[in-house]
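Keep in mind that the numbers below use all heavy atoms, side chains included, and drop hydrogens, waters and symmetry copies. Per chain, numbering begins at 1; letters A, B, ... match sequence-line order. Since this is a predicted model, take the numbers as computed values, not measurements.
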Amino acid sequence: MSQSSQPRPTKVTPLSGFPEYLPEQRVVEQHFLDVIRSTFELHGFPSIETRAVEPVERLLGKGGDADKEIYAVSRLAADLEAGGDAELGLHFDLTVPFARYVVEHAGRLSFPFRRHQIQKVWRGERPQEGRFREFTQCDIDVVDVGELAPHFEAEMPLVMAEIFAQLPLPPMVIQVNNRKIPEGFYAGLGIEDVAGTLRVVDKLDKIGPEAVTELLTGQGLRAEQAEQVLRLASIRTEDTSFVERVRALGVEHPVLDEGLAALAAVIDTGMTNAPGALVADLKIARGLDYYTGTVYETQLIGYEEWGSFCSGGRYDSLASDGRTTYPGVGISIGLSRLLALLFAKDLVRATRKTPAAVLVAVIDEDSRPVSVRVATSLRGRGIACEVAPSAAKFGKQIRYAERRGIPFVWFPGAGEGGDQVKDIRSGEQVDAQAGSWQCPAEDLRPRVVRTT
RNA sequence: GUGGGCGUAGCUCAGCUGGUAGAGCAUCGCGUUGUGGUCGCGAGGGUCGCGGGUUCAAGUCCCGUCGCUCACCCCA
């Protein structure tokens, strides 16, 4: 009866494509973020953050059918009042905002300008496994004025290879191509629709060579052209031998030569500095609308069907203010997709779901200040801990710790001369002093470990 | 945007050809006076996505709608 006067709570329903993590998953995410950030910094990439919104006009500027992807942002009241078009949209990547940032702050930046950026992005696409509407990207880019030295194209994947090597992941391989190779090759074959051809070639892994041949001839390619296109696409080498294999196909074009030289330089650098991390794969397409040179794509070996977890490439005109052109090269980790795979397949796990290493037990509420003092002392030495929420029976306090994975329970005044601490995994309980007890290093904070 | 599948407790699901809801797991409590995990007993928790229709009666049939999911498209 009186219930009817209470506002009914809005029903909670899941929102597809907007992932939220449990604390134990967040431990994993934060560890990954820590490794990514520190490695970016180790390579001298300072951090920036851009606003979440850009003018819709700017977001649409990059071609493609971006309009389907963009979430418009406007005041609710503005919609009701004017019904006007939204002028702002949430960014769907970090490259567009970065390009705008470069132009806007060009006068205060030093070029070549390198930066890293770790932020959420939003895309209005249909969510699927590993594809979200809100997700986190971790980008590094280098941008210069007028010209960009090609060696930066070799630097990008080295940074990523270093990150992957530090994370508890199955082996990953960064596949590299240079857009100029297929472009020059196709031009040498007399194929005009480069983008259309690449789009089909990109499906090779998914639908197989026969279906690709069918699609290519359907697009107007002659049988021998389609055959050559497939031959090029099938080339994949861990060293620079791809150059000879392309040459052996007998197609010649100056743009092809440029592409081969550029890719050979990237692979060469990779072989020296990150052996085994890079592979030249001539079917990689990526971002048809804007990449102009090197392109990167990354797969987890054994989980190829999940797609790329880290991709990027070179833009001859990342940004432009009309008079000056800023070429750039960048690469980005799709952290959310990576985590989605790891969680779905249970490949990694956090050793516990709370930062606390110690639960300080409470004897009774009157002695809570004693327990708080213990906690303060432990924290003063960098040992994360919490005080038991209630002076329940010790069994319940231990269970409280156990449920959360807290490895130690501290009992004030339990010993002859003072306190005791119990490792609840082994059951071992020893005398200890809050001012000097050493927490084992591996228990100091939650760790992320591979399960297999 | 297009097409298929599905929407019952926090989670995974059962509920036959319509007769006013169940299991397992999880959570919490108890198993007597301060040391957990096993085990036993018990409890809480559901407008059966929402709206309408057929019927004496709908979780169960019909229509609509919303959501979730898979695939396509695309992927910055």
Distance below 4.0 Å between Lys422(A) side-chain N/O and G36(B) OP1 or OP2: no
So, is Arg131(A) close to the C72(B) phosphate, meaning a side-chain N or O under 4.0 Å from OP1 or OP2? no
Hey, would you say the Phe309(A) and Phe164(A) ring centroids sit under 6.0 Å apart? no
Check for me whether the distance between the ring centres of Tyr326(A) and Phe111(A) falls short of 6.0 Å. yes
Using the C1' atom as the point on both nucleotides, what is the distance between U20(B) and U55(B), in whole Å? 14 Å
Pairwise C1' distance, A9(B) and C72(B) [rounded to whole Å]: 36 Å
Rounded interatomic separation in angstrom, taking [atom1] from [X] and [atom2] from [N]:
| X | N | atom1 | atom2 | result |
| --- | --- | --- | --- | --- |
| Glu125(A) | C74(B) | CD | C1' | 7 Å |
| Phe18(A) | C68(B) | CZ | P | 9 Å |
| Phe394(A) | G36(B) | CZ | C1' | 13 Å |
| Glu129(A) | C75(B) | CD | C1' | 17 Å |

Closest nucleotide among [options] to the [X] side chain:
| X | options | result |
| --- | --- | --- |
| Ser16(A) | C68(B), G36(B), C75(B) | C68(B) |
| Arg399(A) | C74(B), G29(B), G34(B) | G29(B) |
| Lys393(A) | U35(B), G31(B), U2(B) | G31(B) |

Considering only heavy atoms and no angle criterion, is a donor-acceptor pair shorter than 3.5 Å present between the side chain of [X] and the base of [N]?
| X | N | result |
| --- | --- | --- |
| Arg403(A) | U27(B) | no |
| Arg199(A) | C73(B) | no |
| Gln128(A) | U69(B) | no |

Test: Arg349(A) and Asp346(A) ion pair at under 4.0 Å: yes
